[in-house]
Amino acid sequence: MLEKMEILHVEKVIEEFETMTKDAENVQRETLKKILEENGSAEYLQNLGLNGRTDPQSFKACVPVVTHQDLEPYIQRIVDGASSLVLTGKPITTISLSSGTSQGRPKFVPFNDELMETTLQIFRTSYAFRNREFPVTNGKALQFIYSSKQSRTKGGLFAGTATTNVFRNSQFKKAMKVMQSQCCSPDEVIFGPDFRQSLYCHLLCGLIFREEIQLVSSTFAHSIVHAFRTLEQVWEELCVDIREGILTSGITFPSVRSAMAKLLKPNPELADLIHRKISGLSNWYGLIPELFPNVKYIYGIMTGSMEHYLKKLRHYAGDVPLISADYGSSEGWIGANINPNVPTESTTYAVLPNIGYFEFIPLKENVEEQVHDRGDANILSMEPKPVSLTEVKIGEEYEVIVTSFAGLYRYRLGDVVKVMGFHNSTPELKFICRRNLMLTVNIDKNTEKDLQQAVEEAAKLIAEEKQEVIDFSSHVDMWTDPGHYVIFWEISGEVSDEVLKECCNCLDRSFVDAGYVSSRKVNAIGPLELRVLRRGTFQKVLDHYVGLGAAVSQFKTPRCVGPTNYKVLQILCDNVAKTYFSTAF
């Protein structure tokens with residue numbers, strides 16, 4: 001008997017969201033109560049003297065604000081197989097690994113069924129709002145998703161990246177089916193052991209099902225751009241595979257070959273069509289709608305450090321809308337994009353008040369200015385008290401604190417957000433940057449956002465020569481006296497020394513932080529250094545993280561490489577083709 005096709009009731013999901021966000025304060029109180037009741041038996045909470053109380057006031061009085069470093073000993077015990085209930089009321093059986101691109105090494109984070117359910121709730125919510133504007137029928141999705149291997153920890157727990165834990169969960173596939181967003185590639189491709197081979201097969205599946213593809217997506221914009229840059233290199237080989245119905249010998253894994261053989265049949269007409277379409281493009285503009293004529297939108301996280309890839313993605317997308325995916329991290333989810341019509345740079349995320357308990361530390365710059373000793377303890381003692389979800393103010397910036405169903409209590413996420421408005425009584429947040437990714441030598445403070453804006457400004461100079469910055473990173477070099485900023489660029493082609501010298505000066509002038517400018521003027525910070533990298537350097541950085549077990553889906557180029565991330569720093573430094581020093585000051 002055929003299974004009846006279940007489809008998500010979009011209006012019902014939106015109605016539930018509207019009801020919940022109209023009463024965000026009470027929903028938050030109830031959510032905290034539920035978290036504390038479910039996990040009250042955990043050793044961590046038992047030791048803090050809550051004694052069964054679940055109200056926000058008692059919670060804030062008893063439970064300290066913590067960083068990952070504070071919780072590391074507890075999480076490590078879980079990883080090692082502790083028999084007691086350390087952080088949660090039920091045993092943790094799975095651990096997520098963060099991407100590791102921020103600090104140079106992955107963090108362990110607990111993952112459980114409750115976290116999976118909040119993931120699906122976020123997916124359903126944003127899909128409902130998205131589908132109201134851009135309805136998809138029962139087609140297929142070209143999803144560039146990759147699952148790294150799940151391993152076992154010393155204590156026997158499953159460990160994998162957060163995306164791997166989601167993709168391998170039985171609920172994920174059901175949810176995608178209900179949301180009519182099923183991946184066009186077979187599981188053997190998604191779970192393939194080599195991401196290059198998986199990427200090639202994703203592209204091949206997309207072309208085989210080109211008429212049925214209704215959306216193109218990946219976790220991050222970087223993965224989508226990387227996929228179509230790859231297509232530029234391998235499209236003729238893909239056409240040969242389609243023409244002959246035989247998979248290239250470059251795909252070596254038997255399980256992947258076997259799965260692809262079921263889809264691949266000789267189709268010279270399709271091969272000729274794809275060849276004509278691609279040959280008719282001007283500099284690859286509009287590649288995506290040309291190959292996939294029924295695609296409704298392109299979807300993935302496009303804010304924060306992903307904004308750099310938007311220009312290239314728009315070039316490939318032509319007039320197909322770009323929609324930024326939701327706001328979360330390996331530790332859990334925060335908000336959904338419920339305004340899919342706005343330009344991606346203006347994306348905001350409405351916080352779902354029932355998926356965790358949220359607090360926000362107001363970022364008052366004058367408070368930090370008074371701290372001479374840069375130690376965390378001093379900064380913590382000077383910081384304003386966190387405010388609740390409904391107490392945040394429009395136009396203000398905050399650091400996010402999360403209490404989740406997976407054993408994190410008053411956990412500093414390290415993200416800086418700006419409150420852009422409210423949807424009913426829940427705030428709509430714009431992601432600004434990671435708080436700990438800071439370029440600083442002296443009294444200067446330049447964030448990831450400041451770096452991105454400086455790169456965008458300087459990149460205009462090479463755009464005039466029809467070249468682009470493929471990717472970038474930075475480093476603070478304290479080996480020189482005085483210390484100075486180093487910016488790493490990988491460029492698409494040849495640019496003259498004259499133009500690159502001007503790019504270097506432009507980068508230096510574009511950091512407008514008062515502490516930086518005044519320090520440069522008196523040479524308390526040395527001239528900015530631009531290091532132009534050989535082509536393929538950032539691919540080597542990606543390969544390095546994949547080699548450590550990271551999933552390509554979760555990869556973010558590290559924007560600021562600290563001294564502890566020496567392996568990545570070494571890759572960058574070993575691949576420098578040209579070096580320029582600023583003469584701007």
Engineer: Can a salt bridge be assigned to the pair Lys312 and Glu468 using a cut-off of 4.0 Å between side-chain N and carboxylate O?
Structural biologist: yes
Engineer: Quick check for you: to the nearest 0.5 Å, what is the distance between Lys430 atom NZ and Glu397 atom CD?
Structural biologist: 10.5 Å
Engineer: Tell me, yes or no, whether the heavy-atom count around Lys449 atom NZ, taken from other residues, nucleotides or ligands under 6.0 Å, exceeds 12.
Structural biologist: yes
Engineer: For Ser492, which residues count as a side chain to side chain donor-acceptor pair (under 3.5 Å) partner, sequence neighbours excluded?
Structural biologist: Gln467
Engineer: According to side chain to side chain contact (heavy atoms under 4.5 Å, CB included), who are the partners of Glu114, at least two apart in sequence or on a separate chain?
Structural biologist: Glu38, Lys90, Asn112, Phe405
Engineer: Decide if the gap between the ring center of His202 and the ring center of Tyr146 is smaller than 6.0 angstrom.
Structural biologist: yes
Engineer: Given 3.5 Å as the limit, does a donor-acceptor pair link the side chain of Ser258 with the main chain of Ser255, or not?
Structural biologist: no
Engineer: Quick one: side chain to side chain contact (heavy atoms under 4.5 Å, CB included) partners of Glu428, sequence neighbours excluded?
Structural biologist: Ile338, Asn339, Thr348, Ala350, His423
Engineer: Check for a donor-acceptor pair, side chain of Arg257 on one end and backbone N or O of Thr252 on the other, with a separation under 3.5 Å.
Structural biologist: no
Engineer: So, do Thr19 and Asp23 sit near enough that their side-chain heavy atoms are less than 4.5 Å apart?
Structural biologist: no
Engineer: Classify the ring geometry of His226 against Phe195: parallel below 30°, tilted from 30° to 60°, perpendicular beyond 60°.
Structural biologist: tilted
Engineer: Establish, from distance only, whether the side-chain atoms of Gln143 and Ser185 form a donor-acceptor pair under 3.5 Å.
Structural biologist: no
Engineer: Would you call Lys311-Glu456 a salt bridge at under 4.0 Å N-O?
Structural biologist: no
Engineer: Could you check Glu345 against Arg314 for salt bridge (charged side-chain N to carboxylate O under 4.0 Å, His left out), going step by step and ending with a plain yes or no?
Structural biologist: CA-CA 12 Å; Glu345 291 85 350; Arg314 283 204 175 98; 3.0 Å; yes
Engineer: Supply the atom-to-atom distance Lys277 NZ to Leu291 CG, rounded to the nearest 0.5 angstrom.
Structural biologist: 8.5 Å
Engineer: Between Tyr297 and Tyr299, how do the two ring planes meet: parallel, tilted or perpendicular, split at 30° and 60°?
Structural biologist: perpendicular
